[in-house]
Amino acid sequence: MLRVITAVIARDLRLALRRRADIAAALFFFVIVVSLFPLGVGPEPERLREIAPGVLWVAALLAAQLSLPRLFADDFRDGALEQLALTPPPLELVALGKIVAHWLVSGLPLALLAPLLGLQFGLSGEALAMLAAALFIGTPALSGIGAIGAALTLGVRGGGVLVSLLILPLYTPVLIFGAGAVEATVAGIGAQAHLSLLAALTLAGVFFAPWPVAAALRIALE
Amino acid sequence: MNWYRFASPQAFYPLAGRMIPWFWALAAIFGIAGLVVGFLVAPGDARQGEGYRIIFLHVPASWMSMFIYLVMAFWAGLGLIFNFRLSHMMARALAPTGAMFAFLSLWTGSLWGKPMWGTWWAWDARLTSELILLFLYVGFIALQAAIDDPRRADRAGAILALVGVVNIPIIYFSVKWWNTLHQGSSVNLAKSSMAATMLCGMLLCALACWMYAIAVSLARARRIMIEREKDTLWVREEVMKEAKGGM
């Protein structure tokens, strides 16, 4: 079972590394969106510090869902997905592997990059560490829930916009607790509760997502 | 009586056609009764004066918006498991009505909020989750509209509806912990804080909305059936019958 998952992860990572530009594009999207906010709301450090957790998290949400349409599309187009569906291991395991691989190339880099951008917003060291931790814990849920949307819109016209329409409302709990954790740290109260809920969302999201993803993929492949 | 017979659009189409006028009539009766009780019988509220009377539309619309999502997910799940064509059609027919009620609930809530809270909109837990519910309806409708193959559209929509129904409580509680200002629920089963006549008017209006929702979604389901099965013999016969004026 684990072999199937690791094989899928290794394959997807290899494919992603051969197209580094895609990963970099999503990361730069994140950087640009975050940088636009000070231009929009003004450079007062006080205000920037206040909006930083929310802005960084919303930008992370958008960046994470930007790469979703490609999650299954390439494999769908060249027939690899069909072959994967025909192999003996259940499609759910393949889906889980793809979710993990998607997180490794989209969520993880966001978590690593975010403290740097947080610095521009004048967050304290403690808040920066919390931002990275919250993104680290929360982004797997984004990949899990997002994979459902990606699978449902596979091969559908207007897929990119549709994914945002389907997925962003479902992302709200992750956003609330993720940004909440950072805000709680800024305010000086513990972020323990937020992090626990975030971890719960991630565990539930990654655990349950493979079933609807596999079901949606089977529908798309019919 | 074999209930499965009505799982086929061919048998259900005429039955729905006969049921719709009854539901319209019930909707009108309950609606008039509810409005009479609401506007003429029920007393003004001690704190909110006459302005509270929008409750007779606001609360039923909110209830319906949530309830219809559950019904929609129920039909979608049934369709996914048993592959009934009709249940998918019902799910699809319910979505626009549910979205309409969600929008109506937000709209009336905003009209109510202005005099009571002094603001059209507040990022309060229930408003926000109602807004997200509206987004979920829009996502469902958009997904079904984007897929041309009706069978695939049905089943993809069904998965989305089920994922949404699992997420609704999570969204509701996360938004609730995030912020709350909305007045507590006025109605609960154990003890109601409302006058009996107000409650009665509200329940009558809720029944009216319910009957309206059934009538409208049945009518919409009938159109979907005709559209999808337009190449079959029974549709031709039904259309000919209607063209002659006999139902």
Side-chain angles (χ1 to χ4, degrees), chain A residues 54 138 141 144-181 183-184 193-194 196-198 200-205 207-222, chain B residues 69 73 76-77 79-81 83 88 95 99 102 123-180:
Chain A
I145 302 166
I148 302 175
L152 284 172
T153 55
L154 200 54
V156 170
R157 75 188 126 79
V161 183
L162 202 55
V163 168
S164 349
L165 218 56
L166 303 186
I167 289 309
L168 287 178
L170 299 178
Y171 275 175
T172 41
V174 181
L175 172 66
I176 288 172
F177 296 123
E183 270 156 21
H194 286 100
S196 305
L197 286 163
L198 206 55
L201 290 174
T202 285
L203 289 177
F207 183 80
F208 288 110
W211 280 282
V213 171
L217 288 178
R218 285 197 196 96
I219 292 170
L221 286 170
E222 256 175 19
Chain B
Y69 200 94
L80 212 55
I81 295 166
N83 238 332
H88 284 307
W123 287 100
D124 146 75
R126 291 215 237 163
L127 271 74
T128 313
S129 39
E130 187 74 29
L131 185 67
I132 294 173
L133 182 65
L134 177 63
F135 293 159
L136 290 178
Y137 274 119
V138 170
F140 180 85
I141 297 171
L143 180 66
Q144 294 221 316
I147 305 178
D148 290 324
D149 174 22
R151 269 180 59 82
R152 192 188 158 192
D154 281 344
R155 299 173 56 196
I159 291 178
L160 184 66
L162 290 176
V163 170
V165 106
V166 172
N167 269 287
I168 283 176
I170 301 175
I171 292 173
Y172 177 73
F173 282 107
S174 53
V175 173
K176 187 170 173 180
W177 287 327
W178 170 64
N179 189 2
T180 201

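Residue numbers start from 1 in every chain, and the chains themselves are labelled A, B, ... in the order their sequence lines are given, proteins ahead of strands.
Heavy-atom pairs under 4.5 Å with chain B were tallied for A:L162, A:L165, A:L168; the largest tally goes to A:L162. No other option in A:T153, A:T172, A:I167 has as many heavy-atom pairs under 4.5 Å with chain B as A:T172. If you tally non-hydrogen atom pairs under 4.5 Å between each of B:L133, B:D148, B:L162, B:L136 and chain A, the highest count goes to B:D148.
The two residues B:L143 and A:L152 have their closest heavy-atom pair at CD1-O, 4.0 Å. What you find for B:R152 and A:A151 is that their closest heavy atoms are NH2-O, 4.3 Å. Between A:P173 and B:I171, the shortest heavy-atom contact is CG-CG1, 3.8 Å.
At a heavy-atom cut-off of under 4.5 Å, chain B is reached by A:P212, A:A215, A:A216 from residues 211-218 of chain A, listed in order of number.
To the nearest 0.5 Å, atoms CD1 (A:I148) and CG (B:N167) are separated by 7.5 Å. Atom CD in A:E222 sits 4.5 Å away from atom CZ in B:R155 (nearest 0.5 Å). Atoms CD1 and CG, on B:I147 and A:L154 in that order, are 10.0 Å from each other to the nearest 0.5 Å.
In this structure, chain B has no heavy atom under 4.5 Å from any part of A:I145. For chain A, the nearby part of B:A145 is the backbone; its heavy atoms alone come within less than 4.5 Å. Both the backbone and the side chain of A:I219 have a heavy atom closer than 4.5 Å to some heavy atom of chain B.
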